[in-house]
Structure formats: structure tokens, C-alpha cells
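Residue numbering restarts at 1 for every chain, and letters A, B, ... go by the order of the sequence lines. What's counted below: heavy atoms across the whole structure, side chains too, no hydrogens, waters or symmetry copies.
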Protein chains: 2
Amino acid sequence: MAALALNHLLENWKIALRQQGYRVTRPRLQVMEIIVSSETPLKPQDIYQLSLDLESPPGIASIYRTLEMLDDLGLIQQIHQPGGCHAIWPAVEGHKHLLICSSCGQMRVIEGNEDIEDYINKIEEQTGYHVKDHWLQLFGTCQNCS
Amino acid sequence: MAALALNHLLENWKIALRQQGYRVTRPRLQVMEIIVSSETPLKPQDIYQLSLDLESPPGIASIYRTLEMLDDLGLIQQIHQPGGCHAIWPAVEGHKHLLICSSCGQMRVIEGNEDIEDYINKIEEQTGYHVKDHWLQLFGTCQNCS
DNA sequence: ATTGATAATGATAATTATTATCAATAAGGG
DNA sequence: CCCTTATTGATAATAATTATCATTATCAAT
């Protein structure tokens with residue numbers, strides 16, 4: 001991330017904190033700087049390890065508290081990666097997609113579709129990435145629950 | 001899941017175990033039955049709780065060991081749900097999608113696209129679900145790593 | 001069907017991750 | 001520069017997962 005955009009994001013976060021009545025403290029700033037400076041998604045323990053290089057690192061509890069605050073403010077989001085979640089389901093063949101009811105938890109597996117392939121091809125052209133796999137999950141309400 | 005399809009899946013799993021030299025034991029059967037009978041994705045502790053209703057429930061360690069085995073055999077997959085992962089990233093506005101390099105971990109945020117909307121509309125018609133949100137993540141190799 | 005080699009189990013200790021507690025500290029309005 | 005009180009750090013408590021090891025049970029070979 002470019003340093004300018006990075007500082008801009010950090011300034012916006014500080015403003016958001018003050019607007020919601022949160023104090024801008026050194027431990028919070030340390031955690032926020034680590035997050036916005038990172039090229040990759042970080043877990044709480046990742047942040048803790050990185051913070052140990054600082055002169056006066058925050059306590060582990062403050063890291064969790066800061067993450068909870070940032071989440072409440074909608075300033076961070078979860079990233080779902082292979083190995084990251086512990087809920088399991090029988091494996092399905094090929095590129096099926098998942099449809100989950102937010103109300104009752106029921107899950108349906110639906111056929112993958114070429115519509116997505118077109119989209120992925122476009123992204124590969126635009127970014128130079130070679131896409132090998134994709135996950136699509138849809139969240140909503142099933143007929144029973146609506 | 002219909003009882004017939006359920007039993008068929010379980011039989012296939014037992015065959016897969018034997019083919020790979022794993023023994024088919026009672027604790028493994030108990031865990032596998034709970035998984036294939038479930039309407040919703042289950043976490044290890046969910047399975048443990050459900051197993052306590054059985055006459056002679058497996059030990060917690062056997063549940064984790066069975067899950068590891070099923071994962072090695074490719075018979076189960078992880079399901080990613082809200083609150084399930086702990087990796088975080090600055091929140092993005094709107095329906096952006098994620099492009100993650102499997103090699104270096106670098107992540108890019110890309111614009112959501114109407115191509116996906118068409119696909120979702122089709123799914124809503126087919127299933128009767130009302131889709132409120134979606135996640136799309138693409139995994140591959142960035143230009144640097146390829 | 002019985003035996004025997006050994007994979008697998010159960011019980012539990014150890015480890016790791018997260019949350020709760022509370023006296024001491026520091027942010028920021030007045 | 002105070003004063004109020006939100007926040008912190010240290011650590012205890014809780015929860016989840018993994019490791020250990022003597023005992024048990026599977027299943028191939030007889």
C-alpha cells in the first residue's frame with residue numbers, strides 16, 4: 001500500500017475513533033499502524049508478534065480489545081482463508097457454490113456456473129494474476145425462514 | 001439430506017478409508033454419521049456435543065483425529081462463515097471481491113461486478129432463497145510469484 | 001473361528017488462543 | 001494544569017486444540 005494512502009486511512013480511523021468517543025491511545029495507534037501497513041491479512045497473534053519489535057509494545061489484551069473496537073466501528077473485516085475456519089461439511093466435487101441461510105443455518109450446494117468463469121477471465125486480464133481457484137458463498141434467507 | 005443419499009455417501013467414505021489402509025472403527029463411524037446427517041456445517045465441538053447423546057461416545061481426541069483423517073482424504077471441506085475466521089483486513093466499501101496470492105499471501109481488493117448479480121438473480125429464481133450478501137474470493141498467483 | 005501385529009482409542013496432560021478481572025495509568029475536556 | 005474516567009498491563013480464568021502413552025480392538029493371516 002502506498003504510504004500516502006496508508007496515512008490517509010490511518011487519519012480517517014483516528015477521526016472515526018474520536019467521533020465515536022473513543023480515545024486515541026498509543027497501544028491503539030500501534031495496532032492500527034501494523035494493520036494498515038500490512039500487505040497480508042493478519043490474525044491477532046500475528047499482530048502481537050509484529051508488535052514485539054516496537055520499543056514499548058502493547059499488551060496482548062489491548063490488541064484483542066483494539067480489534068474488537070475496530071470491528072464494532074466497521075473499520076476492519078474478516079478475511080476467510082484456507083485453514084482459517086473450523087466448520088466442516090462433506091466435500092463436493094468441482095466448482096460448486098454454497099448457499100447458506102442466515103436464519104436457520106441450513107446450507108445448500110449449488111452448481112458452479114460459467115457466468116463466474118467469464119468474470120474470472122476478465123479479472124485475470126486486468127490484474128495479471130493467474131486464478132487457480134475461487135470460493136463463492138451466498139448468504140440469505142431460505143423459503144422456510146422468509 | 002435424503003436417507004438413501006446419506007447412506008450412499010457413508011458407504012463411499014468407508015470404502016475410501018479401507019482403500020487408503022485406514023481401519024473402520026466405531027468412533028470413526030460415529031463421527032462420520034454425525035457429519036453426513038447434519039443439515040448445517042459443524043465445528044469439532046459441535047460434533048463432540050452431538051456425540052454425547054450416543055450410548056458410548058468417542059473421546060474428544062478421536063473426533064479431532066477423525067476430522068484430520070477425513071480432511072487428508074479430501075472427504076470434508078471447510079465452510080467459511082461470518083465470525084469463523086480471525087484474519088482481518090481494513091474494511092472495504094460495498095461489494096468488493098478479494099484476490100489472494102497463494103504463494104506470497106498478498107491480497108488485492110477488486111471491484112464487485114454486475115456479472116455476479118446476474119448469477120445471483122438466477123440462483124434466487126431457482127432456489128426460492130432471498131440472497132442478501134455474497135462473498136467471492138479468488139485464489140491464484142500474482143505476477144511477481146509466477 | 002482364532003491368533004497376532006499394530007493401528008487406533010481413551011484419558012489426560014500440555015499447549016495455544018481468547019476472554020475476564022482489577023489496580024494503576026494516561027487521555028483529553030474544562 | 002487538574003480531574004474524571006476510559007484505557008491499559010499483568011495475570012488469572014476459560015476454551016480449544018494437540019501431544020502422550022498404556023490399553024484396546026481391527027482385520028489380515030492362518
Side-chain angles (χ1 to χ4, degrees), chain A residues 10-11 13-35 41-52 54-73 75-76 78-88, chain B residues 11 13-35 41-73 75-76 78-88:
Chain A
L10 192 56
E11 286 309 311
W13 282 14
K14 287 157 74 173
I15 291 167
L17 259 65
R18 292 204 179 89
Q19 279 182 344
Q20 300 301 317
Y22 290 99
R23 292 177 183 176
V24 175
T25 67
R26 198 194 49 184
R28 284 172 176 168
L29 276 174
Q30 290 171 318
V31 172
M32 291 190 290
E33 278 170 9
I34 288 173
I35 293 171
L42 298 175
K43 294 191 283 292
Q45 295 291 331
D46 297 332
I47 295 170
Y48 178 65
Q49 289 304 320
L50 289 169
S51 77
L52 294 181
L54 300 174
E55 68 294 347
S56 185
I60 183 69
S62 288
I63 290 173
Y64 280 98
R65 284 185 289 231
T66 300
L67 291 175
E68 188 182 5
M69 176 197 69
L70 292 172
D71 190 54
D72 288 345
L73 294 175
L75 299 178
I76 58 173
Q78 287 181 327
I79 300 298
H80 296 262
Q81 296 178 307
C85 275
H86 293 152
I88 58 95
Chain B
E11 286 309 312
W13 282 15
K14 286 157 76 173
I15 291 168
L17 258 64
R18 292 204 179 90
Q19 278 183 345
Q20 299 301 316
Y22 290 100
R23 294 178 182 175
V24 174
T25 65
R26 197 193 49 185
R28 283 174 177 166
L29 276 173
Q30 289 170 319
V31 171
M32 291 189 291
E33 278 170 8
I34 288 172
I35 292 171
L42 299 175
K43 293 190 284 292
Q45 295 292 331
D46 296 332
I47 295 170
Y48 178 64
Q49 289 304 321
L50 289 169
S51 77
L52 295 181
D53 291 337
L54 300 174
E55 68 296 345
S56 185
I60 183 70
S62 289
I63 290 174
Y64 280 99
R65 286 185 289 232
T66 300
L67 291 175
E68 188 182 5
M69 178 198 68
L70 293 173
D71 190 55
D72 288 344
L73 293 176
L75 299 178
I76 58 173
Q78 289 181 326
I79 300 299
H80 296 262
Q81 296 179 305
C85 276
H86 293 151
I88 58 96

Q. Which letter, B, S or -, goes with each nucleotide of nucleotides 24-30 of chain D from 5' to 3', with contact meaning a protein heavy atom under 4.0 Å?
A. -BBS---
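If you take CG of Asp71(B) and C1' of dT17(D), they are 15 Å apart, rounded to a whole angstrom. Taking atom CD1 of Ile63(A) as the reference point, atom C1' of dT8(D) lies 12 Å away to the nearest angstrom. The interatomic distance linking Gln20(A) (CD) with dA6(D) (C1') rounds to 15 Å, in whole Å. The distance between atom CG of Leu42(A) and atom P of dA17(C), rounded to the nearest whole Å, is 15 Å. Taking atom CD of Glu68(A) as the reference point, atom P of dT8(D) lies 12 Å away to the nearest angstrom. The distance between atom CD of Gln49(A) and atom P of dT18(C), rounded to the nearest whole Å, is 12 Å. Counting to the nearest Å, the C1' atom of dT18(C) and the NZ atom of Lys43(B) are 15 Å from each other. What separates CG of Leu29(B) from P of dT9(C) is a distance of 10 Å, to the nearest Å.
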Return the polar atom pairs (N/O with N/O) between nucleotides 10-14 of chain D and the protein under 3.5 Å, or none.
none

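No donor-acceptor distance shorter than 3.5 angstrom exists from the side chain of Asp72(B) to the backbone of Met69(B), with no hydrogens or angles considered. Not one N or O on the side chain of Asp71(A) forms a donor-acceptor pair closer than 3.5 Å with the backbone of Glu68(A). Here the side chain of Gln78(A) pairs no donor or acceptor atom with the backbone of Pro82(B) at under 3.5 angstrom.
Taking all atoms of both residues into account, the shortest heavy-atom contact from Pro44(B) to His86(A) is CD-O, 3.5 Å. Here the shortest heavy-atom pairing between Ser56(A) and Gln30(A) reads O-NE2, 3.0 Å. Arg23(B) approaches Leu17(B) most closely through the heavy-atom pair O-CD2, 4.0 Å. Leu54(A) and Pro57(A) get closest at one heavy-atom pair: O-CD, 3.6 Å. Across all non-hydrogen atoms, the minimal contact from His80(A) to Cys85(B) is ND1-SG, 3.3 Å. When every heavy atom of Leu42(B) is checked against every heavy atom of Ile35(B), the shortest pair comes out as CD1-CA, 4.4 Å.
Nearest-nucleotide positions on DNA chain C place Ser56(B) closer to the 5' end than the other of Tyr64(A) and Ser56(B).
Using a 4.0 Å cut-off between charged side-chain N and carboxylate O, Glu11(A) and Lys14(A) make a salt bridge.
Comparing the end axes of the helix from dA1(C)-dT30(D) to dG30(C)-dC1(D), each fitted to five base pairs by superposing C1' atoms of four pairs onto the next four, gives an inter-axis angle of 40° (nearest 10 degrees).
His86(B) has no side-chain polar atom (N or O) that falls below the 4.0 Å cut-off from OP1 or OP2 of dA17(C).
Across dA16(D), dT7(D), dT18(C), the shortest atom-to-atom separation from the side chain of Arg28(A) is found for dT7(D).
By the 4.5 Å heavy-atom criterion applied to side chains, Leu70(A) and Trp13(A) are counted as neighbours.
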